[in-house]
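Step one of this worksheet: look at the structure below.
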Amino acid sequence: MAKEKKVTIPELFRSAAYRQPLLIAVMLQLSQQLSGINAVFYYSTGIFNTAGVKQPIYATIGAGIVNTIFTIVSLFLVEKAGRRTLHLLGLGGMAVSALLMTVSLLLKNYNVMTYVAIMAVMLFVAMFELGPGPIPWFIVAELFSQGPRPAAMAVAGCCNWTANFLVGISFPKLEELCGPWVFLIFTTFLVIFFIFTFIKVPETKGKTFDEIARSFGGAQPPASPSVEDPPTGASATVTLPASPVKEKVPLVEAPAAAPPPAAENTPLEDKSNSTVQESV
């Protein structure tokens, strides 16, 4: 089977055909990390404690259980609902959850806000696992063909882990500076990524790579030559000229050899008959 030529990372950035898919891949990975999910995972116990939860460790364990359950749920929904739809649903749900967390932190003096904070964190985690958790990896793999896919996945993974590091290291300082308003920063990012996904990201479920490439409205990525193509072409040029020569040889020689003996027999018989008649 033919293999597509591998595309390097510099070639990926230089080619205009890969520019829009690469932008989408990077933005999807940033939407996963800048959503604030790891701020919740890393500092959930402190968030629950700030919200007035008396046993924050149990709430943190509950968030981990919700994370596991909705990871399994997403496996069944991703092929039915579509990648783009689930990503939009997840981003929207996380934005609403971040607002609820902000309200619960602002009004933590009310006892009911403790339960609102717990439910907001659980919803935040659940929506993440439905959309921004798995979907960016699905879409990035489906936006690129076999040749540029390894380079594109490397760039996307680098952006993902870089954003993860920045969020993890900066969240304590942001919380110190912004206080209860810190989750509004993530809400803003979520709204931006929701708008970007709605406008730019195509639905890739059930589509071939060529159909996805045509949805961008630009030129398709250049086709890379196959390593098996040259031998096939060479064998075709060798065999084609030889066949007509073999077929022509018996057709030309057979009719040419038959007529001469028939033409020589007739005059000999006539001469012998005339000689007999003269002798008589």
Side-chain angles (χ1 to χ4, degrees), residues 24-51 53 56-75 78 83 86-105 116-140 153-194 196-197:
I24 292 173
V26 170
M27 289 294 286
L28 287 176
Q29 296 298 326
L30 292 179
S31 73
Q32 183 185 90
Q33 295 301 328
L34 298 182
S35 64
I37 186 62
N38 282 318
V40 172
F41 282 151
Y42 296 157
Y43 306 105
S44 58
T45 303
I47 293 170
F48 288 132
N49 190 32
T50 304
V53 179
I57 187 63
Y58 296 114
T60 302
I61 294 172
I65 294 173
V66 170
N67 183 27
T68 303
I69 293 173
F70 277 87
T71 300
I72 299 172
V73 171
S74 67
L75 295 176
V78 69
R83 287 88 159 108
L86 283 179
H87 195 62
L88 288 171
L89 176 64
L91 291 172
M94 291 178 77
V96 173
S97 302
L99 286 175
L100 289 176
M101 278 191 277
T102 302
V103 171
S104 65
L105 292 174
V116 172
I118 295 174
M119 294 305 298
V121 171
M122 300 298 180
L123 181 62
F124 192 84
V125 172
M127 291 296 103
F128 173 79
E129 291 303 337
L130 286 181
I135 298 303
W137 299 108
F138 276 98
I139 295 182
V140 171
M153 294 294 286
V155 173
C158 179
C159 294
N160 185 291
W161 283 104
T162 302
N164 185 348
F165 171 76
L166 293 176
V167 170
I169 202 171
S170 62
F171 181 75
K173 190 65 176 178
L174 289 174
E175 188 178 23
E176 181 182 338
L177 293 174
C178 302
W181 305 95
V182 64
F183 281 100
L184 288 183
I185 298 174
F186 299 121
T187 305
T188 303
F189 278 123
L190 287 164
V191 171
I192 292 172
F193 291 128
F194 183 94
F196 178 85
T197 303

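Keep in mind that the numbers below use all heavy atoms, side chains included, and drop hydrogens, waters and symmetry copies. Given the structure is predicted, the values throughout are model-derived calculations rather than measurements.
- Here the rule is side-chain contact (heavy atoms from CB on, under 4.5 Å) with Phe183, and of Ile47, Val103, Leu100 only Ile47 fits it.
- Partners of Glu129 by side chain to side chain donor-acceptor pair (under 3.5 Å), not counting sequence neighbours, listed by chain and number: Thr71.
- The shortest side-chain heavy-atom distance between Pro134 and Val78 does not fall under the 4.5 Å cut-off.
- Annotation: the span from Thr102 atom OG1 to Ile185 atom CD1 amounts to 9.5 Å, rounded to 0.5 Å.
- With values rounded to the nearest 0.5 angstrom, Ser44 atom OG is found 10.0 Å from Ile61 atom CD1.
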For residues 153-165, please give each side-chain donor-acceptor pair under 3.5 Å, one per line with the distance, not counting sequence neighbours.
{"from": "Asn160", "atom 1": "OD1", "to": "Gln33", "atom 2": "NE2", "distance (Å)": "3.1"}
{"from": "Asn160", "atom 1": "ND2", "to": "Gln29", "atom 2": "OE1", "distance (Å)": "2.7"}
{"from": "Asn160", "atom 1": "ND2", "to": "Gln32", "atom 2": "OE1", "distance (Å)": "2.6"}
{"from": "Thr162", "atom 1": "OG1", "to": "Cys158", "atom 2": "O", "distance (Å)": "2.7"}
{"from": "Asn164", "atom 1": "OD1", "to": "Asn38", "atom 2": "ND2", "distance (Å)": "3.2"}
{"from": "Asn164", "atom 1": "OD1", "to": "Tyr42", "atom 2": "OH", "distance (Å)": "3.0"}

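- The CG atom of Leu86 lies 5.0 Å from the CD1 atom of Ile135; values are rounded to the nearest 0.5 Å.
- A search for side chain to side chain donor-acceptor pair (under 3.5 Å) contacts involving Thr45 returns Thr60, not counting sequence neighbours.
- The two residues Pro132 and Ser31 come nearest to each other via the heavy atoms CB-O, 4.4 Å.
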Report the C-alpha separation of Val191 and Leu91 in whole Å, then their side-chain angles, then the decisive distance to 0.1 Å, and conclude whether the side chain to side chain contact (heavy atoms under 4.5 Å, CB included) test is met. CA-CA 8 Å; Val191 171; Leu91 291 172; over 6 Å; no
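- Between Val96 and Thr187 there is no side-chain heavy-atom pair separated by less than 4.5 Å.
- Atoms CZ and CE, from Phe189 and Met94 in turn, are 13.0 Å apart once rounded to the nearest 0.5 Å.
- Put simply, the side chain of Ile57 does not reach to within 4.5 Å of the side chain of Phe48, judged on heavy atoms.
- Tyr43 is linked by a ring pair (Phe, Tyr, Trp, His ring centres under 6.0 Å) to Phe171, counting only residues two or more places apart in sequence or in another chain.
- Taken from CD1 in Ile69 to OG in Ser74, the straight-line distance is 12.5 Å, to the nearest 0.5 Å.
- Not counting sequence neighbours, Ser97 has no partner by the side chain to side chain donor-acceptor pair (under 3.5 Å) test.
- Within the structure, no pair that satisfies the ring pair (Phe, Tyr, Trp, His ring centres under 6.0 Å) test touches residues 120-139, not counting sequence neighbours.
- You'll find the side chain of Ile37 stays beyond 4.5 Å of the side chain of Phe186, heavy atoms only.
- The shortest side-chain heavy-atom distance between Met127 and Leu130 falls under the 4.5 Å cut-off.
- Residue Met122 comes nearest to Gly62 through the heavy atom pair CE-C, 3.5 Å, listed as atom of the first residue, atom of the second, then distance.
- Nearest heavy atom pair, residue Ser35 against residue Leu190, reads CB-CD2, 3.5 Å.
- Within 6.0 Å of CG in Leu75 there are more than 12 heavy atoms belonging to other residues, nucleotides or ligands.
- The CG atom of Leu28 lies 12.5 Å from the CZ atom of Arg83; values are rounded to the nearest 0.5 Å.
- Here the shortest heavy-atom pairing between Ala63 and Val125 reads O-CG1, 3.8 Å.
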